[in-house]
Amino acid sequence: MEPSQVAIIGSGLIGRNWAMVFAAGGFKVKLYDIAQQQLTSALEYIRKQMKELEESESLKGTLSAEQQLALISTCTDLKAAVEGATFVQECTPENLELKRKIFGQLDLIADDNVILSSSTSCLLPSKVFTGLKHVKQCIVSHPVNPPYFVPLVEIVPHPETDPSTTERTYALMKQIGQSPVKLNREIEGFVLNRLQYALISEAWRLVGDGVISPTDLDLVMSDGLGMRYAFIGPLETMHLNAEGISSYCERYREGMKLVLNTFGPVPEFSGEIEEKINQAISEKIPVVPEVLGARRNWRDECLTSLAKMKKQMKSD
Ligand code: NAD
């Protein structure tokens, strides 16, 4: 049987990762970009990554690297890219005008069955999809960088998205081994970035107020909270840290409110505090392409090992 086909629009960091994820799931992938050299570099990147992952026995899916590579082709013609696809994942730069233009073009060539999905990190579906003829088939599937190693996908519908589009997208993400979550409605920052920004804000305030050094602040996450957050969320943490949620609330509600009432205003993320944090983190990881690249590779290796471990430990 012919494998199902998806189109990836934009072959940058996120597009090339999606291509790998879909190929690992056995899908035929057409990778589209306006820049031929981006496509060439994407294919080189994908080949290198897949070979290395295969060598370290971390390649996803049941197919070999060569079999997965054979599923991926590139093209610079949008219509040809989308033809025969049941799912289109847009991964172009985070620019509303550009995304509206691309979805406008996709709207003209889409049939009534294909799902048109965007990787956007912060643009609301109502901004990107409103007015499209195929709005019922449009959805945001927001990945986490790098999607090959971090499986979460936030599925965010437009108010007019058909529930079947949400369900099909959810099922597809599960099928390719990602970990989808559904938002019932759109909200600024979706959920992941709202949680992330809450953390970043308090980190910024604590360092700015001289309570802790930038590097120690990061350790609080990596050797503290983060250890359990790789396995359980904050709500389950509450549940397990007492005799259930109600017991936790009974014990800690007043204490939590007391602390939360001391949180300061939204930081400016500039000026002296920015300089202080930049200096401390750059001392540890200089802002030099090779150093940043090596650190990212190390991060991805850690994520691969963690993913393997999570798979072994999975109980539900
Ligand atoms: P990127 O700049 O690495 O890649 C964008 C690609 O789109 C480039 O290859 C570029 O040539 C191509 N492109 C530009 N105009 C195009 C057009 N008209 N048609 C087709 N291709 C075009 O960007 P990225 O980091 O891969 O981000 C892509 C999307 O994913 C953004 O919406 C971003 O917000 C989202 N996202 C990014 C991250 C992240 O951490 N990078 C995480 C989650 C979601």
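Atoms within each ligand, like the ligands themselves, are counted from 1 in listed order.
- When the heavy atoms of S41, G12, P93, C122 are ranked by distance to atom 7 (O) of ligand 1, first place goes to P93.
- The pair E55-K51 does not meet the salt-bridge criterion, since no charged nitrogen lies less than 4.0 angstrom from a carboxylate oxygen.
- For atom 23 (O) of ligand 1, the nearest protein heavy atom lies 4.0 Å or farther away.
- Contact annotation: for I102 versus ligand 1, heavy atoms closer than 4.0 Å belong to the side chain alone.
- When non-hydrogen atoms are compared, ligand 1 lies under 4.0 Å from neither the backbone nor the side chain of K101.
- By the 30° and 60° cut-offs, the orientation of the rings of F269 relative to W204 is perpendicular.
- Taking the six-membered ring for Trp and thresholds of 30 and 60 degrees, F129 and H158 have ring planes inclined between 30 and 60 degrees apart.
- Scanning the protein heavy atoms around atom 35 (C) of ligand 1, the nearest turns out to be S119 O, 3.3 Å.
- The two residues E94 and C122 make their nearest non-hydrogen contact at OE2-N, 2.8 Å.
- Atom 43 (C) of ligand 1 has P143 O, 3.3 Å as its closest protein atom, hydrogens excluded (heavy atom only).
- Protein heavy atom at the shortest distance from atom 8 (C) of ligand 1 is Q38 NE2, 3.3 Å.
- Annotation for ligand 1: atoms under 4.0 Å from non-hydrogen atoms of K99 are 31 (C), 32 (O).
- In terms of protein heavy-atom proximity, atom 37 (C) of ligand 1 is closest to I14 CG1, 3.3 Å.
- Note: I232 CD1 to L240 CG = 4.5 Å, rounded to the nearest 0.5 Å.
- The shortest non-hydrogen separation linking R168 to I115 is CB-CD1, 3.6 Å.
- Considering backbone and side-chain atoms alike, I9 places every N or O at 3.5 Å or more from each N or O of ligand 1.
- The protein heavy atom nearest to atom 11 (O) of ligand 1 is D33 OD1, 2.7 Å.
- Taking 4.0 Å as the cut-off between side-chain N and carboxylate O, K257 and E254 count as a salt-bridged pair.
- Between S117 and F103 the shortest heavy-atom distance is O-CZ, 3.8 Å.
- Side chains of N193 and Q196: a donor-acceptor N/O pair is present below 3.5 angstrom, by distance only.
- E90 does not count as a contact of ligand 1, since none of its heavy atoms falls under 4.0 Å from the ligand.
- The closest protein non-hydrogen atom to atom 20 (C) of ligand 1 is Y32 CE2, 3.4 Å.
- In this structure, atom 15 (N) of ligand 1 lies nearest to the protein heavy atom I34 CD1, 3.4 Å.
- Heavy atoms of L78 come nearer than 4.0 angstrom to ligand 1 in no pair at all.
- Of all atoms in ligand 1, numbered sequentially from 1 with element shown, those under 4.0 Å from a heavy atom of L13 are 3 (O), 25 (O), 26 (O), 41 (N).
- Here the closest heavy-atom approach between residue S41 and residue R16 is recorded as OG-NH2, 3.1 Å.
- In terms of protein heavy-atom proximity, atom 36 (N) of ligand 1 is nearest to S121 OG, 3.2 Å.
- Closest to atom 31 (C) of ligand 1 by heavy atom, among N145, T120, T92, is T92.
- E66 and S64 share no side-chain donor-acceptor pair at under 3.5 Å.
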